[in-house]
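First up is the structure itself, then whatever we jot down about it.
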Amino acid sequence: MKIDVLTIFPEFFGQVFDFGIIRRAKLAGLVEVNVHDIREYATDKHKMTDDRPFGGGDGMVLKAEPIFLAIEHLLGTSDRSEYSESVRVVMLSPQGRPLKQQIAKEFAECAGHIVLICGRYEGIDERVNEMLVTDEISIGDYVLSGGEPAAVVLTDAIVRLLPEALGSQTSAENDSFSNGLLDCPHYTRPAEFRGMSVPEVLLNGNHAEIEKWRFEKALEKTKRIRPDLLIGENGEM
Ligand code: 9D3
């Protein structure tokens with residue numbers, strides 16, 4: 001898989017892809033991640049990447065041309081109907097579909113080349129969305145100052161799902177959300193720490209009882225913190 005990030009702040013990404021699972025996946029040749037400065041595709045003498053909005057208003061809008069030129073350089077076309085089947089051009093924006101584990105899974109399974117466009121300012125020229133973008137994604141209902149942190153989040157969520165990116169596939173299957181529940185509590189040695197003891201059931205070696213305890217704790221925690229995860233799309237429990 002290849003992931004290209006388009007941003008006006010390339011330095012933001014410094015070493016963010018050089019740790020843990022993403023680092024290992026890169027070293028194993030499972031993924032290549034490259035960050036590109038949109039400014040390098042600006043054609044005017046001041047290398048302008050943004051301009052004032054038509055119709056007036058506060059703030060600046062990212063210009064279409066540098067982003068079209070960057071996509072043409074990376075994909076050979078600026079017409080999304082000509083993209084290969086495995087190409088995704090993702091706009092990170094507050095207007096996007098909220099990111100879910102299922103979306104990361106679909107990208108990990110079906111995408112071979114992903115271009116992430118990081119929005120900024122008051123927005124981006126709409127012709128970028130009309131001609132280049134295949135998916136518009138938000139990472140949640142809160143305001144960021146740009147799409148860069150969202151690009152990191154999405155990259156992490158996708159790369160760790162690539163086959164063989166994790167040491168053992170079982171840990172991906174045991175993740176929160178893959179069974180629709182939050183994770184159960186965990187403990188390690190010592191069995192008593194500053195007067196706080198580990199639940200007895202985890203120490204007795206009865207694996208059927210341990211699995212039952214873990215499921216009950218996960219269900220109890222999900223009901224309390226995230227009851228929305230237990231309700232189906234049609235409102236049933
Ligand atoms: C003035 C109205 N705002 C739109 C809701 C403007 C605005 C806010 C934040 C424009 C851009 C941004 C920057 N945010 C992102 O680019 C972004 C984002 C986010 O703010 N929240 C959750 N996911 C994402 S993905 C990209």
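All values below were derived from every heavy atom in this structure, side-chain atoms included, with hydrogens, water molecules and symmetry-related copies excluded. Everything numeric here is computed off the predicted structure, so don't read it as measured data.
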Could you tell me whether a side-chain N or O of Asn234 sits under 3.5 Å from a main-chain N or O of Glu236, the two making a donor and an acceptor?
no
At what distance, to the nearest 0.5 angstrom, does CG of Leu92 lie from CD1 of Ile117?
9.0 Å
Which value, rounded to the nearest 0.5 Å, describes the distance between Lys100 atom NZ and Ile139 atom CD1?
12.0 Å
Check: Arg97 side chain, Asp135 main-chain N or O, donor-acceptor pair, under 3.5 Å
no
When hydrophobic residues are tied together by side-chain contacts of less than 4.5 Å, even through go-betweens, does Val152 share a cluster with Ile103?
yes
Take atom CG of Asn204 as the centre, draw a 6.0 Å sphere, and report whether it contains more than 12 heavy atoms from other residues, nucleotides or ligands.
yes
Nearest atoms (heavy-atom pairs only) where Pro53 meets Gly59
CD-O, 3.2 Å
In chain order, what residues pass the side-chain contact (heavy atoms from CB on, under 4.5 Å) check against Asp141, with sequence neighbours excluded?
none
For Arg127, check side-chain contact (heavy atoms from CB on, under 4.5 Å) against everything at least two apart and list the hits.
Asp125, Glu130
Under the side-chain contact (heavy atoms from CB on, under 4.5 Å) rule, collect the residues that match up with Asp51, sequence neighbours excluded.
Met48, Lys63
To the nearest 0.5 Å, how far apart are CG in Leu144 and OG in Ser138?
8.0 Å
Should Asp50 and Val61 count as side-chain neighbours, where that means a heavy-atom distance under 4.5 Å?
no
Indicate whether any N or O donor in one side chain lies under 3.5 Å from an N or O acceptor in the other, for Ser78 and Glu72.
yes
Going only through I, L, V, M, F, W and Y residues with side-chain contacts under 4.5 Å, is there a path from Val153 to Tyr142?
yes
Is any side-chain heavy atom of Met1 closer than 4.5 Å to one of Ile158?
yes
Does atom NZ (Lys221) have a neighbourhood of more than 12 heavy atoms from anything else shown, all under 6.0 Å?
no
When you measure from the side chain of Arg39 to the backbone N and O of Lys47, does any donor-acceptor pair fall under 3.5 Å?
yes
Heavy-atom count check: over 12 atoms from other residues, nucleotides or ligands less than 6.0 Å from Glu200 CD?
no
Going hydrophobic residue to hydrophobic residue with side-chain gaps under 4.5 angstrom, can you get from Leu74 over to Val133?
yes
Gln15 side chain to Asp18 side chain, donor-acceptor N/O pair below 3.5 angstrom:
no
Main chain of Val115, side chain of Arg88: is a donor-acceptor contact present, judged purely on distance under 3.5 Å?
no
Assess whether atom NE2 of His207 is packed by more than 12 heavy atoms of other residues, nucleotides or ligands within 6.0 Å.
no
Separation between OG1 of Thr155 and CD1 of Ile3, rounded to the nearest 0.5 Å:
4.5 Å
Rounding to 0.5 Å, atoms CE (Met131) and OG1 (Thr77) come to a distance of 7.5 Å
Glu136 vs Ser93, side chain to side chain donor-acceptor pair (under 3.5 Å): CA-CA, chis, key distance, verdict:
CA-CA 7 Å; Glu136 190 168 4; Ser93 99; 2.5 Å; yes
Ignoring hydrogens and angles, tell me if any N or O in the side chain of Thr222 forms a donor-acceptor pair with the backbone of Leu181 under 3.5 Å.
no
Just checking Lys223: does its NZ atom have more than 12 heavy atoms from other residues, nucleotides or ligands closer to it than 6.0 angstrom?
no
